[in-house]
Each structure stands twice: as structure tokens, then as C-alpha cells.
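Structure first, commentary second.
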Amino acid sequence: MSERITTSKLEAMKTAGEKFVMVTAYDATFARLVSEAGAECILVGDSLGMVLQGHDTTVPVSLEAMVYHTECVARARPHSLIVSDLPFMTYSSPDVALTASMELMQKGAQMVKLEGGTWLSETIHQLVQRGIPVCAHLGLTPQSVNVFGGYRVMGRTPKEAKSILADAVEIQDAGASIVLLECVPEDLAADISSKLDIPVIGIGAGAGTDAQVLVLHDLLGLTEKPAKFVENFMTNADTVQDAISAFVNAVKDGSYPQAQHTYR
Ligand code: KIV
């Protein structure tokens, strides 16, 4: 991959029906490996609270930690587009979101990700107006784990499915560049992907989305109790680099995700 990936490149890939890939990375070495494997996007995810810091949830992650890891990733100068998570409570109002996003963008993020739907329309609009591209995370939104009472598939009832679709459309209208769907039934994710003009990235959302994302530690088989949608790509790989490349290639050739990774 020679040139740096842009949001217009991702939109063009969606239009052309070419799948693209996002992988989490939290430091310069892994950012380089992910970029060299050909992943179009790196997510500096607040999953770092669980996989690096040992917390049970992403709720304790600070903005300071996200800024630090974004800076580490950016120093690798990856070709992949760097998307950084706005952690818990750093987008509780448009002004708070602008200040937090400014920090992430000035340290190397090229897009910020936040969790939630319709209630964030004004915030997304304001961020985009000021030059900050936004990815909106819908479905299972891990920062709300204490409201959900645990991690579960979202959108299985007609009411929930309708609400996730409405959120996705409103977020697109507010100016978001990407929707990320976590743990939703395959049919719902495919329907949302076909109805939106902007790319939809899935995790535990089946094969019908425009792109797939996995947490690096999950795809390397390092997670103690992996979710159903996780595939251990180290199983047939000699090196970490081979495993990341195997994930990228499997998304692009359509061999990941399979039925056993999918919710209905
Ligand atoms: O923080 C993260 O790594 C994420 C992924 C689970 C999509 O949000």
C-alpha cells in the first residue's frame, strides 16, 4: 500500500464493492505491522483499557491514555487511516467533544470514534463542521455496559432493530464518515450497509458489511474468553505479521467472517 488512506478512498471501496479492514493498534510497532499487512484503518480503540490496562470494561479509560496511545501509533507513520476512540464521558456535549477531539487530532488521529446514535447528531455535526471526521459506533456500545447489564447482541427485537437503523441514517445525515456496528444480527447489518452511502464496518455483525474490524489481541489468540465472532489467526501463522496479514486477506477474499462467527 503506497499512499495514505483517506475517507474518500474508503467510500470509493464501498462503491466498488471492495471490502476493507480495520485492526486495533496501540503502539508504534503494531501500527507498523498492521499498516504493512494492508489494513486500510487502524483503530486506537478504548479496548486498550481491557487488553493493555487489565480493566474489566472500557469505562475507566482516560483521554490522557487515548492521546498517549494515539501519539505512539502516529509515530509509525502508517499508511492506514488512524481512528481514535473518544473515551467515556468525553463527548457528553458538543463542546466537551470538540476539546477532546482536538487533542486526539493534534496527536495524529485522522478521525474520532464515539458510541451512540441519534442523541449525538448535534455533536457529530459540530465536529464535522470544524474539520473532525467522525466514526459512530452502534449496536453493542461497550461504554454503556453498565446500562445494558452486560455484553449482549443488540437489534434482535423489531423495536431495537428499527432504532439502530434510524440511528445509522441520522448519523449519516449529521455528517459521519463511517458507521461501526458491533454484535448485531447479520441481516440487520447487511440491511443498514445497503441503505447507507457511507461505509459500515462490522464486528460480530456478519459478512454483509463493507468492512470488518477485530481487536488485535483477539485475532492473535491472546484473549482468555474470546467472543463467538473472534477467529484466532495465529493458528496457521508462523509470525504475528503473518497472522495480521491472514486476517486482512480473509476479509478481502470473503473467507472471514463465516456462519459460526455470526449472530442471527
Ligand atoms: O475499542 C475498540 O477496540 C472497539 C472495537 C471493539 C471496535 O471499539
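Atoms within a ligand are numbered from 1 in the order they appear, just like the ligands themselves. Since the model is a prediction, treat every value here as computed from it, not as a measurement.
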- Task: Before giving the answer on salt bridge (Lys or Arg N to Asp or Glu O under 4.0 Å), spell out for E186 and R156 the whole-Å C-alpha distance, their side-chain angles and the decisive distance to 0.1 Å.
- Result: CA-CA 10 Å; E186 179 167 43; R156 274 189 165 142; over 6 Å; no
- Message: Under the rule for side chain to side chain contact (heavy atoms under 4.5 Å, CB included), what residues qualify as partners of A243, not counting sequence neighbours?
- Response: L220, F233, M234, A237
- Under-4.0 Å salt bridge between E182 and R152: no
- Item | Test side chain to side chain donor-acceptor pair (under 3.5 Å) applied to S121 - qualifying residues, sequence neighbours left out | E170
- If you measure from the Lys or Arg side-chain nitrogens to the Asp or Glu carboxylate oxygens, is any gap between K9 and E40 under 4.0 Å? no
- Task: Check side chain to side chain contact (heavy atoms under 4.5 Å, CB included) between T90 and all other residues, then give those that pass, not counting sequence neighbours.
- Result: L63, L86, P87, A100
- Using heavy atoms and a cut-off under 4.0 Å, could you grab the residues that are in contact with ligand 1, chain by chain, numbers ascending? T24, L43, G45, D46, S47, D85, K113, H137, L180, E182, I203, V215
